[in-house]
Amino acid sequence: MPDHPQLEGAPGPSHSGTREPKSDTQLAPGLYLVATPIGNLGDITLRALDVLRNVDRIACEDTRQTQKLLNHFQIAKPTVSYHQHNEHTRATELIEDLKSGKAIALVSDAGTPAINDPGSWLVREAIAAGVPVIPIPGANAAISALVASGLPTEDFHFLGFLPEKSGARRTWLEELAAREQADPRSTPRTLIFYEAPHRILETLADIEELWGSTLLAVVARELTKMHEEFVRGTVAEVRQELAARDRIRGEITLLVEAPTPAKSSGTALGTESARETIVARVARLQSESGIDEKEALKRLARELGRSKSDLYRELQRERARKR
Ligand code: SAM
């Protein structure tokens, strides 16, 4: 159990943990990319605190969220918002400040800036303007999940969020698997995704159907927080364990063993004929029950727990691939 207050929920006033004395370090000008905790405030680094105390201002994904962190560590510093909607305009203003010799920190709501969070645009602009860019390493959900997952760490592929819509996600998963399988590497690889709790079951079901049920998977939930949990097993086992719960909450990082041709046989990826699963199943239902395609799709959608429109799109994609 974490022994430091967490980012969510107000930290208790009596906490006497990781507060640092004030420092008057003169910081060199530049853009400081400061990693902040992903849940447990004890994960802030001494260097991060020192930089946050001594920059001229802090660009934040959400100023209110960062203010909680700054209050906890008694840091009084001007903040400015820097998020996906004002990234480009704000970057111009920040670069002007940086060129005039200011030290500016960039933080996201949690974890490492520019990793599935705003930042990469500003970094490129700063480099183009000849401004030093200084990383201040710290918490990151993907790496924290990977190192404790038990899956291979020698070779991994971080992919961020999967597409939200089922059809797009399935196409994306198929394309990803095709790329993974075409890669003639010899070491096993771990794929790392960020996923929302309300989509994790659908995503695991898609992976199971498209890539096979025997691949190893890990759901790393609520890392560094009170209810930190790792659900490990095959894709099927992990899905079943989570499906048995009333509700899945919290932040999730999903890790899956990269599909190989051997592990994907018999799945939609495994063979050309298996890839026609929906086409074949619809055709079989039609001939067995004497129903039309629309009715067959409806029954199959019910059977698979998927929407009819989603299944219809997949049917079309399969047919398009055949042409
Ligand atoms: N920049 C952040 C980092 O360095 O990890 C990631 C930001 S991304 C917008 C947020 C996603 O990261 C969450 O939706 C979740 O998938 C994952 N994540 C963040 N904190 C997590 C945690 N404590 N446990 C598990 N996954 C987490």
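Whatever order the structure lists them in is the order used to number ligands and atoms, beginning at 1.
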message: Tell me whether T224 has any N or O atom under 3.5 angstrom from an N or O of ligand 1.
response: no
- prompt: Is any NZ, NE, NH1 or NH2 atom of the basic residue among R57 and E93 found under 4.0 Å from an Asp or Glu carboxylate oxygen of the other?
  reply: yes
field: Close approach, G39 and ligand 1, non-hydrogen under 4.0 angstrom
entry: no
field: Pairing of R179 and E175 as salt bridge, 4.0 angstrom limit
entry: no
task: Would you kindly specify which portion of E222 sits under 4.0 Å from ligand 1, judged on non-hydrogen atoms: side chain, backbone, both or neither?
output: backbone
- prompt: Looking at A220, which atoms of ligand 1 are within less than 4.0 Å of one of its heavy atoms?
  reply: 25 (C)
message: Suppose I only count heavy atoms of G111 and a 4.0 Å limit; which atoms of ligand 1 are within that range?
response: 3 (C), 4 (O)
- request: Please could you name the atoms of ligand 1 that K225 approaches to less than 4.0 Å, counting only its heavy atoms?
  value: 23 (N)
- prompt: For E209, which of R170, R239, R281, R169 qualifies under salt bridge (Lys or Arg N to Asp or Glu O under 4.0 Å)?
  reply: R170
query: Should R245 and V231 count as side-chain neighbours, where that means a heavy-atom distance under 4.5 Å?
result: yes
query: Distance-only, no hydrogens or angles: does the T89 side chain make a donor-acceptor pair with backbone N or O of N86 under 3.5 Å?
result: yes
Nearest non-hydrogen protein atom, atom 17 (C) of ligand 1: Y194 CD2, 3.5 Å
task: Report the residues that fulfil ring pair (Phe, Tyr, Trp, His ring centres under 6.0 Å) with H157, sequence neighbours left out, ordered by chain and then residue number.
output: none
task: Would you confirm whether R90, through its side chain, and S81, through its main-chain N or O, come within 3.5 Å as a donor-acceptor pair?
output: yes
message: Among I38, T253, L254, N116, which one puts a heavy atom closest to atom 8 (S) of ligand 1?
response: N116
task: Of the side chain and backbone of A145, name the one, both, or neither that has a heavy atom under 4.0 Å from an atom of ligand 1.
output: neither
task: State whether a side-chain donor-acceptor pair under 3.5 Å links E195 with T203.
output: yes
message: Any nitrogen or oxygen of I115, side chain or backbone, less than 3.5 Å from one on ligand 1?
response: yes
field: Polar side-chain atom of Y194 near backbone of E251 as donor-acceptor pair, under 3.5 Å
entry: no
message: Check this for me - ligand 1, R221, N or O atoms closer than 3.5 angstrom, yes or no?
response: no
field: W211 (side chain) donor-acceptor with L173 (main chain) under 3.5 angstrom
entry: yes
message: Keeping E237 on the side-chain end and T234 on the backbone end, is there a donor-acceptor pair under 3.5 Å?
response: yes
- request: For ligand 1, find out whether one of its N or O atoms is nearer than 3.5 Å to an N or O atom of L223.
  value: yes
task: Could you check atom 20 (N) of ligand 1 against the protein and tell me its nearest heavy-atom contact, residue, atom and distance included?
output: E251 OE1, 3.3 Å
- prompt: For I291, does its backbone N or O pair with a side-chain atom of S289 as donor and acceptor, under 3.5 Å?
  reply: no
message: How far is atom 18 (N) of ligand 1 from the closest protein heavy atom, and which atom is that?
response: A141 CB, 3.4 Å
task: For D117 and ligand 1, answer yes if some heavy atom of the residue is under 4.0 Å from a ligand atom, otherwise no.
output: yes
Enumerated ligand 1 atoms positioned under 4.0 Å from heavy atoms of A110: 1 (N), 2 (C)
field: Those atoms of ligand 1 less than 4.0 Å from some heavy atom in E195
entry: 16 (O)
query: Should one rank N140, I252, D43 by closest heavy-atom distance to atom 4 (O) of ligand 1, which comes out on top?
result: N140
- prompt: With only distance considered, is P113 within less than 3.5 Å of ligand 1 through an N or O on each side?
  reply: no
message: Quick check: F161 and ligand 1, any N/O pair under 3.5 Å apart?
response: no
